[in-house]
Amino acid sequence: MIPFGRGMIGSRHELNRKITLFLNEIGQDYGIPLSYPEPADRFYELIKSLCRKSGQRVVILVDEYDKPILDNITRPEISIEIREGLKNFYSVIKDSDAYVKFAFITGVTKFSKVSLFSGLNNLNDITLAREYSAICGYTPEDPEMIFAERLEGVDLGEVRKWYNGYNWLGNKVYTPFDI
């Protein structure tokens, strides 16, 4: 997983450094030394190596794909530089199609509006797809089914009141951290 929410990124150099750090951590977790200096090349090397090592296609998870751009929203020249770096980085996903099962990418900006993924022509925006509306959390029924043995004495009405949840398309969802 590539977690862009971890800290602020204030330059293209910092973006490259952070991406390299993330990729190195993943490589180390799987015993894969990475040799390419550029983040995009390193990403491709990691994807290909993980696929070969596991014998399975890779799943790519990117959290807050747009945060490095949003960190610099008031500095357009830096924001554009970072956008171009991310665009180059994300283009690897398409070039690695033979090694990738799927990619799950989250962010707050509608990706068609950011042009980061112009090289990827096979993306599906599931933001407003009803069948995926509860994919990133627990529905109000889930805690009772999943955590029943730990809920003795817990007032679920209070839990619902305090954590309120979030929703789109009318399906209320509680974040896993809150629950």
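Every residue two or more places apart in sequence or in another chain was checked for a side-chain hydrogen bond (donor to acceptor under 3.5 Å, both in side chains) with Arg57, and none qualifies. Under the rule for a side chain to side chain contact (heavy atoms under 4.5 Å, CB included), the partners of Asn16 that lie at least two apart in sequence or sit in another chain are Arg12, Pro39. Applying the side chain to side chain contact (heavy atoms under 4.5 Å, CB included) rule to Glu14 yields the partners Ile9, Ser11, Arg17; only residues at least two apart in sequence or on another chain are considered. Residues satisfying the salt bridge (Lys or Arg N to Asp or Glu O under 4.0 Å) criterion with Glu158, sequence neighbours excluded, are Lys161. With sequence neighbours left out, Lys67 forms a salt bridge (Lys or Arg N to Asp or Glu O under 4.0 Å) with Asp71. Not counting sequence neighbours, the partners of Glu141 by the side chain to side chain contact (heavy atoms under 4.5 Å, CB included) test are Thr139. Applying the side chain to side chain contact (heavy atoms under 4.5 Å, CB included) criterion to Val58, with sequence neighbours excluded, gives Ile47, Leu50, Cys51, Ile60. By the salt bridge (Lys or Arg N to Asp or Glu O under 4.0 Å) test, Glu25 is found to be paired with Arg6, residues two or more places apart in sequence or in another chain being considered. Legend: residues meeting side-chain hydrogen bond (donor to acceptor under 3.5 Å, both in side chains) with Asp63, ordered by chain and number and at least two apart, are Thr106. By the side-chain hydrogen bond (donor to acceptor under 3.5 Å, both in side chains) test, Arg42 is found to be paired with Asn24, residues two or more places apart in sequence or in another chain being considered.
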Donor-acceptor contacts, no H, no angles, side chain residues 143-152, under 3.5 Å, sequence neighbours left out:
unit_1, atom_1, unit_2, atom_2, d
Glu144, OE2, Arg160, NH2, 3.0

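The two atoms that bring Ile78 and Gly10 nearest to each other are CG2-O, 3.4 Å, heavy atoms only. When all heavy atoms of Pro37 and Thr20 are compared, the pair lying nearest together is O-OG1, 4.4 Å. Closest non-hydrogen pair, Ile93 versus Ala103, comes out as CG2-CB, 4.4 Å. Closest heavy-atom contact between Val92 and Ala40: CG2-O, 3.3 Å.
Within the structure, ring-ring contact (aromatic ring centres under 6.0 Å, His included) pairs that include any residue of residues 17-60 comprise Phe4-Phe22, Phe43-Phe89 (at least two apart or interchain).
Annotation: the span from Leu86 atom CG to Ile19 atom CD1 amounts to 5.5 Å, rounded to 0.5 Å. Atoms CE and NZ, from Met8 and Lys18 in turn, are 10.0 Å apart once rounded to the nearest 0.5 Å. To the nearest 0.5 Å, atoms CD (Glu64) and CD1 (Ile69) are separated by 12.5 Å. In this structure, CG on Asp66 lies 12.0 Å from CD1 on Ile82, to the nearest 0.5 angstrom.
Judged purely by atom type and a 3.5 angstrom limit, Tyr90 uses its side chain to pair as donor or acceptor with the backbone of Tyr65. Judged by distance alone, the side chain of Ser49 and the main-chain N or O of Leu46 form no donor-acceptor pair under 3.5 Å.
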